[in-house]
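Just below is one structure, and these are the notes that go with it.
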Amino acid sequence: LHVGLGTFRPVKAERIEDHVMHSEYYSIGEDTVKLIRETKAAGKRVVAVGTTSIRTLESAAVAKNEIYGKSGETSIFIYPGYITT
C-alpha cells in the first residue's frame, strides 16, 4: 500500500462511519498470494500486522478465504469494530 496523506488525516466526522478515507494505491503480487494460499493449505495462520497490510489484503480478497494478486485503489477505512472478510 502506498500510504498517502489520507492515512494520517484526522477524523473530523462526528460519527466514525461518516469519515471518508482517501483512496491509495495497493499491489499484491502472485508470489505473495501463492505463499498465503500455501500457508493456509498447510493449516497455518496468516497474520497481517497493521492497517496498511490489512487494507491491502482486504482489497485483494474477492471472497472469504479467496485472494488474488492484483493492484488498484483502495479506500477501505479500518476503525474499531471493523469486520474483515
Side-chain angles (χ1 to χ4, degrees):
L1 180 70
H2 293 253
V3 177
L5 294 176
T7 294
F8 302 103
R9 190 178 70 159
V11 175
K12 294 183 178 179
E14 199 166 306
R15 292 176 357 121
I16 197 164
E17 297 89 350
D18 295 334
H19 176 71
V20 177
M21 187 72 161
H22 284 114
S23 64
E24 296 169 316
Y25 176 80
Y26 73 91
S27 180
I28 186 166
E30 287 294 335
D31 53 339
T32 302
V33 169
K34 180 180 176 192
L35 182 59
I36 291 170
R37 288 180 180 157
E38 289 171 353
T39 301
K40 292 191 67 75
K44 298 179 182 177
R45 295 175 56 195
V46 174
V47 179
V49 178
T51 57
T52 54
S53 300
I54 295 170
R55 288 177 73 207
T56 299
L57 293 172
E58 286 284 301
S59 298
V62 295
K64 188 171 180 86
N65 294 320
E66 191 173 344
I67 188 169
Y68 292 99
K70 62 187 212 176
S71 60
E73 297 281 327
T74 185
S75 59
I76 293 173
F77 177 39
I78 298 174
Y79 54 88
Y82 178 82
I83 305 295
T84 61
T85 55

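For the single chain, residues carry numbers from 1 onward in sequence order. Basis for what follows: all heavy atoms, side chains included, without hydrogens, waters or symmetry-related copies.
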hydrophobic_cluster_shared for Leu35 and Ile28, side chain cutoff 4.5 Å: no

Validation: residues 42-57 side-chain donor-acceptor distances under 3.5 Å, sequence neighbours left out:
residue, atom, partner, partner atom, Å
Ser53, OG, Val49, O, 3.1
Arg55, NE, Ile76, O, 2.7
Arg55, NH1, Glu24, OE1, 2.5
Arg55, NH2, Thr74, O, 3.4
Arg55, NH2, Ile76, O, 3.3
Thr56, OG1, Thr52, O, 3.1

Counting only heavy atoms not in Lys34, do more than 12 sit closer than 6.0 Å to its NZ atom? no

For the hydrophobic clusters of this structure (ILVMFWY residues joined by side-chain heavy atoms under 4.5 Å, transitively), does one cluster hold both Val20 and Val11? no

Might you point out which heavy atoms bring Val33 and Gly69 nearest each other, and give the distance in Å? CG2-N, 3.3 Å

Who are the ring-ring contact (aromatic ring centres under 6.0 Å, His included) partners of His19, not counting sequence neighbours? Phe77

Quick check on Glu17: does its CD atom have over 12 non-hydrogen neighbours (other residues, nucleotides or ligands) under 6.0 Å away? yes

Smallest heavy-atom separation, Tyr25 atom then Ser71 atom, equals OH-CB, 3.3 Å

What is the distance from atom CD of Glu66 to atom CZ of Arg37, rounded to the nearest 0.5 Å? 7.5 Å

